[in-house]
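Reviewing the structure listed below.
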There are 4 protein chains.
Amino acid sequence: MSHNTFGHLFRVTTWGESHGPALGCVVDGCPAGIPISAEEIQHWLDLRKPGTSKLVTQRKEADAVKILSGVFEDDRTNGQVTTGTPISLMIENTDQRSKDYGDIRDKYRPGHADYAYDAKYGVRDYRGGGRSSARETAARVAAAGIARKVLGADITIRGALVQIGNKKLDRSKWDWNETTKNPLWCPDANTAAEWTDYLESIRKAGSSVGAVIEIVASGVPAGWGAPIYSKLDSDLAMAMMTINAVKGVEIGAGFESAALTGEENADQMRIGENGPEFLSNNNGGVLGGISTGQDIVVRIALKPTSSILTERKSIDKHGNEVDIRTIGRHDPCVAIRGVPVAEAMMACVLADHKLRHRGQMGGV
Amino acid sequence: MSHNTFGHLFRVTTWGESHGPALGCVVDGCPAGIPISAEEIQHWLDLRKPGTSKLVTQRKEADAVKILSGVFEDDRTNGQVTTGTPISLMIENTDQRSKDYGDIRDKYRPGHADYAYDAKYGVRDYRGGGRSSARETAARVAAAGIARKVLGADITIRGALVQIGNKKLDRSKWDWNETTKNPLWCPDANTAAEWTDYLESIRKAGSSVGAVIEIVASGVPAGWGAPIYSKLDSDLAMAMMTINAVKGVEIGAGFESAALTGEENADQMRIGENGPEFLSNNNGGVLGGISTGQDIVVRIALKPTSSILTERKSIDKHGNEVDIRTIGRHDPCVAIRGVPVAEAMMACVLADHKLRHRGQMGGV
Amino acid sequence: MSHNTFGHLFRVTTWGESHGPALGCVVDGCPAGIPISAEEIQHWLDLRKPGTSKLVTQRKEADAVKILSGVFEDDRTNGQVTTGTPISLMIENTDQRSKDYGDIRDKYRPGHADYAYDAKYGVRDYRGGGRSSARETAARVAAAGIARKVLGADITIRGALVQIGNKKLDRSKWDWNETTKNPLWCPDANTAAEWTDYLESIRKAGSSVGAVIEIVASGVPAGWGAPIYSKLDSDLAMAMMTINAVKGVEIGAGFESAALTGEENADQMRIGENGPEFLSNNNGGVLGGISTGQDIVVRIALKPTSSILTERKSIDKHGNEVDIRTIGRHDPCVAIRGVPVAEAMMACVLADHKLRHRGQMGGV
Amino acid sequence: MSHNTFGHLFRVTTWGESHGPALGCVVDGCPAGIPISAEEIQHWLDLRKPGTSKLVTQRKEADAVKILSGVFEDDRTNGQVTTGTPISLMIENTDQRSKDYGDIRDKYRPGHADYAYDAKYGVRDYRGGGRSSARETAARVAAAGIARKVLGADITIRGALVQIGNKKLDRSKWDWNETTKNPLWCPDANTAAEWTDYLESIRKAGSSVGAVIEIVASGVPAGWGAPIYSKLDSDLAMAMMTINAVKGVEIGAGFESAALTGEENADQMRIGENGPEFLSNNNGGVLGGISTGQDIVVRIALKPTSSILTERKSIDKHGNEVDIRTIGRHDPCVAIRGVPVAEAMMACVLADHKLRHRGQMGGV
């Protein structure tokens, strides 16, 4: 992992600022011969796109992706396939209201990266947070469109919101089919309706709220991952923690496992119809950093959007105390649009480990 | 990060199995001219050493570290300093009761990495978990002895147990001085006594329990870290999740931030006597992946030790169903000896970012 | 180094095919606050640009570079500076005569990468060599425009052609000022005239010829570089060997040193007016992988352009034997446009080592 | 590549100084299940061992290797196999006559890394060159013992001395069987006798001489390697240039290709009995950075040993001018013992690319 690049064999480098001319990524290490089109990638970007409901930022971005390299016509399929060379994806920014930000040019917005960036670099693109904006995550979602193709159809990656503010989902009502039917990625229709009202009130108050997302990967075979410093779960923890606003990551029983006894926690095993099976999944599909064949289950906590209408105390770069409220187009709960981003990171990490596993196993 | 190596400029590679002849690490990238002795490193190892109380494994290991390379006499100090070349540290294993493990040669212990390793590699050193044993963490603690010297005296890294089983510390009683006075790293003497009784009962029952550790780094200046995929917090999340038994990582308010509003969460700022100061630390000292100058606060959840006396259901490598109980010398709460390990990972990540920050800043 | 990325702290990732819509690079790790403009980068690209004389390919490319990210207005200078975030540079392809290549769609051009790419990937962009085209080097020259700013004005990097075909330069006539006055980067005007006639005859015959380039970096202080596997000279050897058509790299006396005795070869030292000085430079400014403060002197051998008019024996992807001659717009001596590319690689490697050196030295 | 580590999937980290207690390496990323013993590794070390003839240093080192981790008994073979975890190899130093070096404690030996190391680090282990000693290469040869097992029996890597001083081998007399019959790795018995006399006179005069080594890998299938910055030849150039005393690297026709025309240079192809075949191998088995299935042919130039008896001018660390002659046990031609080292680097680079190729190819 290096600044703006992640992955070892399936490597993603992203670039771009919130209000620059464009943003994008270079995906390096993708195997050759995989059919891929801009439309397939666009599908995933559309799920993350702003402006799709009242509950997310009203910034209007087509988020139209262009493939600039790394693909070519393929005789065998009459379509376009990857060539093994780096795939450059670009998304042009179209709705950059930079003037919204002139007011915060010298002021540090509490909860944002403004102060930290200035402390590090001494200069920053203040428009919309510049590089630290969640807009950067569009490039990840695009890259993951390719990662999913590397993983193939047997591996499914799905995400859901399981908590918003202090309202937790009743897990007994979980229905994956619901998650794509409501704008909140909620796995239950009634809960979704309730959360929508709640979030609407938050939005009207100019406030914001945090949330918890759960991401589940199914179909990953046993044996992916690597000890010790590139464990499947440590790579996932890293990947998830790079997402804007994420303050916690857990796998399987996560923080709950602190309260368990060894008897309760250890996932027992038996031989089932299709081979070895586990009687529970407290470990979240990973043991010793290596996949077990069970679902890989990760949860992340996201803090509330720091851009709120209520005035907060802060300082400016000249050392003056100021009060600041953030006007502009923002998400009352940044976690909503975080779901496809978290799915994307899961997909990229798994694609990387698929290739790494293949490289290091097999006869010599 | 690559399998058995972590860090970018301050790089640590560890090697060794639980019951092999030795274990160790190579620390590469340490600046030259830093006074260091085996005794200083030994100090930290002794804090992690097994057999120091009834509440940890009774395995007897001197854990005596040898410096095999990378240091040399220094004219100016009449002592031994780093030379800028790789520092090889070795700890010989002395108390390897391999015969304890003959029984589990072909059986997969629930909650352990046995099944996953076999799924990946088809062969494994079953003695004490081999490479997946927490014994590997001795090498990290040794490496961190050097990392602490790179960080210098202005940066303090301390850890404490804040929850054991379902018993949480009353944070109002926090006294850092207590953490080194009781074997549980508990920041309150009364709580420590209570936890000791509790843990003793767990131990006698042949059971185990999970816990939560908090690590705090003080004195880190604002500006360390790097966007986007090598954030200070994503590197810490990765590092912590590589520690055996860790199932969750959070920074600052962590999972609690999901329930906060934007007003509650954003850490406001004012100008204090010593410059900019924050009125709270929900962000745990990191914003946008970059340090703010506040304390860096990380918590990790560790699952209960999987090695317990109670019989659990499992299978063996031949596909037979078996019942298994783990005899041997184990920690009733692996988190206790996890505290110095978590401190070590914090120290190594910070040392790496100190060097990286220095490399990329300053005039050209 | 990883497929399409090089550098450790100053990292360059390039993308793009010869006849795709665009090519470019992402420069990650550049320190913040460095004034940079597209015009400055364009200056270096123009020196490499095709179509500038009869002796290079007649392909017409403006090679106009756009900066898509990583820079922002700076209050202090009223200009544009780097922000420490990734700098994305893009060059759109404008003169892609893809139809020139339909003929070689299935045929492997001798000396080109066609066969090897097909053996590896099973699919390739055959137009102009796709990713294996020297057109990729435009992105390196652009990146080096930034690297030169990181190095600062005290470090000069210059290149010259010292042999073309079997015609070697008389080194006693070396005049650096001449290298930019003739299209052959020749350090002597008379020799340049002679070589021009020679090359013109080669061009008219539809043939091609190889050459040797020498690159010299002046002003590099003693102490840059790193043992053992990231030596200044091993990083340079790697970097130079990645340039299309390069088949040999040497430093200082290079292959000549095989014939020297220890007495002749060892560069003796004395104390001069400005401190330590060497009485010769057989080592080319590097000892033990670390700079000595002398000029860093590297030479590379480039093979003749493989695209020639004379018919050569080959095969096609279907296993048929074919005869093939390459029509199109090509360089009779690809080494000419290789000079700015080799300078670029020297600049990028040195910028990386400058940052690395700074990261790992200094007090702690 | 990072300081003391090389390789991407098959990674080698070396450590140790010439006169420290030991030296060694950690090999990470080796696939599991490969039978390996210390004896097999020792075989290769013995070929590099000092003191085996008058023509190499008289230092007496058993160079006995120990495997400290990463291997375990295997049920299926009743032998010891790799487990996929890091393999730690250690060689203890036994014949360290440090007192030989007291004299050069503060003096910089011309041609050695002494001055450069002091300029970088300000402190160095002066005994025998410390980390910059060729003794470090023992660790590479040990690591390559494992790399060769990863490559398997189908791939042969052989090296020979093709020039010593100004005496070049008549290539028409090349007989690979001779290379292991004489201590000079010379492919012709008569030439070996002649060179031995020559080298004996050099040794008696207290002088030294340079040489050229050729390394050939046979059996590498077409398709290994990777564009653009991890080409098979750029990785080889890097690897070879890290060997002590190497000042030049070339592949195939190398520097000779500068003098060739396109017609002469391009390796034509035909369909042979076993598929595609080349009519020449000017490209040395690599096109576009990817293997072609032909022999991979690399040559390296090594400068003469800098340690000679003749007095040379130098300075010391206090800025005094001194005259210095090197007493001690040295190789009159360091290139002789460089042959197994160069073979080792070829083996490690190829093993790495074998794993990388496997990781990124195949269906998804």
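Residue numbering restarts at 1 for every chain, and letters A, B, ... go by the order of the sequence lines. For the numbers below, each heavy atom of this structure counts, side chains included, while hydrogens, waters and symmetry mates do not.
Between B:W224 and B:H357, the ring-plane angle classifies as tilted under the 30° and 60° cut-offs. Between A:F6 and B:Y229, the two ring planes are tilted [angle within 30° to 60°].
A heavy-atom distance below 4.5 Å is not found between the side chains of A:P227 and B:E136.
Contacts between B:F255 and chain A at a heavy-atom distance below 4.5 Å involve backbone atoms as well as side-chain atoms. Heavy atoms of A:T305 lying under 4.5 Å from chain B belong exclusively to its backbone. Both the backbone and the side chain of A:K303 come within contact range of chain B, with heavy atoms under 4.5 Å apart. Proximity to chain B is limited to the backbone of A:L302, based on heavy atoms less than 4.5 angstrom apart. Residue B:V322 touches chain A through its backbone alone, counting heavy-atom pairs closer than 4.5 Å. For A:A211, the part lying near chain B is the backbone, with the side chain staying farther off; criterion is any non-hydrogen pair under 4.5 Å. Residue contact with chain A, scored on non-hydrogen atoms closer than 4.5 Å, involves the backbone and the side chain of B:E321 alike. Heavy atoms closer than 4.5 Å to chain A are found in the backbone of B:I300, but not in its side chain. Of the atoms belonging to B:D323, it is side-chain heavy atoms, and not backbone ones, that fall under 4.5 Å from chain A. Contact annotation for B:S307: neither backbone nor side-chain heavy atoms come within less than 4.5 Å of a heavy atom of chain A.
Judged by distance alone, with hydrogens and angles left aside, the side-chain atoms of B:R325 form a donor-acceptor pair with the main-chain N or O of B:L309 at under 3.5 Å. Between the side chain of B:R312 and the main chain of A:E263, a donor-acceptor pair closer than 3.5 Å is present.
The residue among B:T242, B:I308, B:V246 with the most heavy atom pairs within less than 4.5 Å of chain A is B:T242. Heavy-atom pairs under 4.5 Å with chain B were tallied for A:V286, A:T14, A:L287, A:I164; the largest tally goes to A:L287. Looking only at heavy-atom pairs under 4.5 Å with chain B, the residue among A:G289, A:P276, A:S132 that has the most is A:P276. Of the listed residues (B:S208, B:G206, B:A113), the one with the most heavy-atom contacts under 4.5 Å to chain A is B:S208. Contact count against chain B (heavy-atom pairs under 4.5 Å) is highest for A:A116 among A:G288, A:A119, A:A266, A:A116. Counting heavy-atom pairs closer than 4.5 Å to chain B, the top residue among A:S291, A:G165, A:P110 is A:G165. Counting heavy-atom pairs closer than 4.5 Å to chain A, the top residue among B:A237, B:G111, B:G225, B:S314 is B:S314. The candidate with the highest count of non-hydrogen atom pairs below 4.5 Å against chain A, out of B:T261, B:D233, B:V209, B:N166, is B:T261.
Inspection of the A:K247 and B:N282 side chains reveals no N or O donor paired with an N or O acceptor under 3.5 Å. At a cut-off of 3.5 Å, with distance as the only test, a side-chain donor of B:S280 or B:D267 sits close to an acceptor on the other residue.
In A:E256, the CD atom is not crowded: 12 or fewer heavy atoms of neighbouring residues, nucleotides or ligands sit closer than 6.0 Å.
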